[in-house]
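A short write-up of the structure that comes next.
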Amino acid sequence: MAPTLNTAEIHDANTRYHDLAAHHYDAKWGIDFGELGGEQVLAKVTKALGHAPGSYARSLEIGAGTGYFTLNLLRAGVIAEATCTDISPGMLSTLRSNARLLGFEVQTRPADAERLPFPDGSFDLVLGHAVLHHIPSLERAFAEFERVLAPGGTVLFAGEPSRYGDRIAGVPKRMAVAAAPLWRRALGARPAPGAGAWEPDAILESVVDVHAFAPGELAGLAAAAGFDEVRVTGEELLANWFGWTNRTLEASAEPEDVPWAWRQYAHRGYLLLQALDRKLLEPRLPAAVFYNLMLAAHKPT
């Protein structure tokens, strides 16, 4: 998905979209800061690295959103001192609120990834989740990641859409759109006004995702920026199909009309298929067929 807007327009669209989404983002995506959320984040970090994470004294999260990765890693003791950036002030405001509720102190700075406002070698870990596909100039961004990392530091990104997996994900979405009227009738749910398309953040959503990746492209970006020990893996295939089907159905209905039993089924089913992906498919299939890609690499000492 090549960018069709210029860099300034993409930055503006991302800022406005994420500002609008900030107040309901955690509920929309099921973001959790308890035991389940911690397990999910640690599993992703372990998978990306290829081993259990050590400890990092100073971390920088790019596009930190509401704090899903950083706050769960703080809870787990993986990082000691956290700094979070995001292009959206609204997201950083929600992140600070989440941090206060959890009892953590986190430094936040509004910034775009291509121009990080930090001195060279400031961090031991640079990380992000579902952010690279929003960044217009990935070459400049990776050069910044390398610059602000200390020698021997780690860069880690998860939740990036693969090009092939993104196309596959369109199949359950289209099927769910076709099935949505029958599904709502069966549950007695009213249709959402415009099926969500009327919402300002839904309108902007179509322009903020500017990339999908082949594994070799992600690896090449890291290598070109000077990183070594580059590792790209994939995750979620069955869980992705199941999740996008249910999310598309749910988005077509008034939220209060979706029964608790359905939400429990969708949530538990997703976790079950995620475990099946992890144990059965991810060790055997190439990274490109999965919906999400993960990248880990190191800055030479």
Side-chain angles (χ1 to χ4, degrees), residues 13-34 36-41 44 61 63-72 84 86-99 101-102 128-134 158-161 166 169-170 172-173 176-177 180 183-184 187 189-210 235-236 239-271 273-274 291-292:
N14 268 292
T15 301
R16 290 189 288 128
Y17 168 75
H18 289 96
D19 278 348
L20 287 165
H23 73 283
H24 62 261
Y25 193 83
D26 289 349
K28 176 180 179 180
W29 296 103
I31 289 176
D32 181 76
F33 298 106
L36 176 61
E39 290 174 355
Q40 291 275 305
V41 170
K44 290 177 184 294
E61 184 168 4
T66 63
Y68 177 48
F69 258 48
T70 286
L71 296 179
N72 276 303
C84 292
D86 201 289
I87 201 168
S88 161
M91 284 289 185
L92 292 179
S93 177
T94 301
L95 188 156
R96 288 191 295 271
S97 296
N98 288 338
L101 289 172
L102 294 167
H129 179 254
V131 61
L132 295 180
H133 63 284
H134 294 310
E160 297 302 333
D166 192 58
K173 292 178 189 178
V177 167
W183 174 80
R184 290 195 303 270
L187 295 182
R190 294 166 294 170
W198 61 275
E199 298 174 356
D201 59 330
I203 296 169
L204 287 168
E205 191 168 4
S206 63
V207 298
V208 298
D209 296 340
V210 295
E235 67 165 359
E236 296 194 3
N240 171 256
W241 296 346
F242 184 81
W244 274 118
T245 299
N246 292 328
R247 191 170 292 130
T248 303
L249 290 172
E250 291 166 7
S252 77
E254 285 283 3
E256 61 267 27
D257 291 350
V258 179
W260 178 85
W262 169 271
R263 294 192 184 278
Q264 287 295 106
Y265 149 77
H267 178 64
R268 293 177 180 176
Y270 173 80
L271 294 178
L273 290 174
Q274 189 183 58
Y291 180 69
N292 287 325

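Only heavy atoms go into these numbers, but all of them, side chains included; no hydrogens, no water, no symmetry mates. Numbering of residues begins at 1 and proceeds along the displayed sequence.
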Roughly how far apart are [X] [atom1] and [Y] [atom2], rounded to 0.5 Å?
X	Y	atom1	atom2	answer
Leu20	Ser88	CG	OG	9.0 Å
Arg247	Lys173	CZ	NZ	9.0 Å
Asn292	His133	CG	NE2	9.0 Å
Thr66	Arg96	OG1	CZ	12.5 Å
Glu160	His134	CD	NE2	8.0 Å
Thr70	Phe33	OG1	CZ	9.5 Å

Residue pair [X] / [Y]: nearest heavy atoms and the distance that separates them:
X	Y	result
Ala192	Ala251	CB-O, 3.8 Å
Ser252	Leu249	OG-O, 2.7 Å
Asp86	Gly63	OD2-C, 3.3 Å
Ala176	Thr245	CB-O, 3.5 Å
Tyr270	Ala239	CD1-O, 3.5 Å

Test item: [X] and [Y] side chains (from C-beta on) under 4.5 Å apart, heavy atoms:
X	Y	answer
Leu271	Gln40	yes
Phe242	Glu236	no
Asn72	Lys44	no
Trp29	Tyr68	no
Pro89	Asp19	yes
Asp26	Asn98	yes
Leu187	Asp257	no
Asn246	Trp262	yes

How would you list, by chain and number, every residue that makes a salt bridge (charged side-chain N to carboxylate O under 4.0 Å, His left out) with Arg263, sequence neighbours excluded?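 Only Glu250 meet the salt bridge (charged side-chain N to carboxylate O under 4.0 Å, His left out) criterion with Arg263.
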Ring centroids only, cut at 6.0 angstrom: are Tyr17 and Tyr25 within range, meaning strictly under it? no
Is the shortest distance from a Lys or Arg side-chain nitrogen in Arg184 or Glu254 to a carboxylate oxygen in the other one below 4.0 Å?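 No, Arg184 and Glu254 are not salt-bridged.
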Hey, what's the ring geometry for Phe69 with His129, parallel, tilted or perpendicular (30° and 60° as the breaks)? parallel
Carefully, step by step, assess Leu36 and His267 under the rule side chain to side chain contact (heavy atoms under 4.5 Å, CB included). CA-CA 12 Å; Leu36 176 61; His267 178 64; 3.4 Å; yes
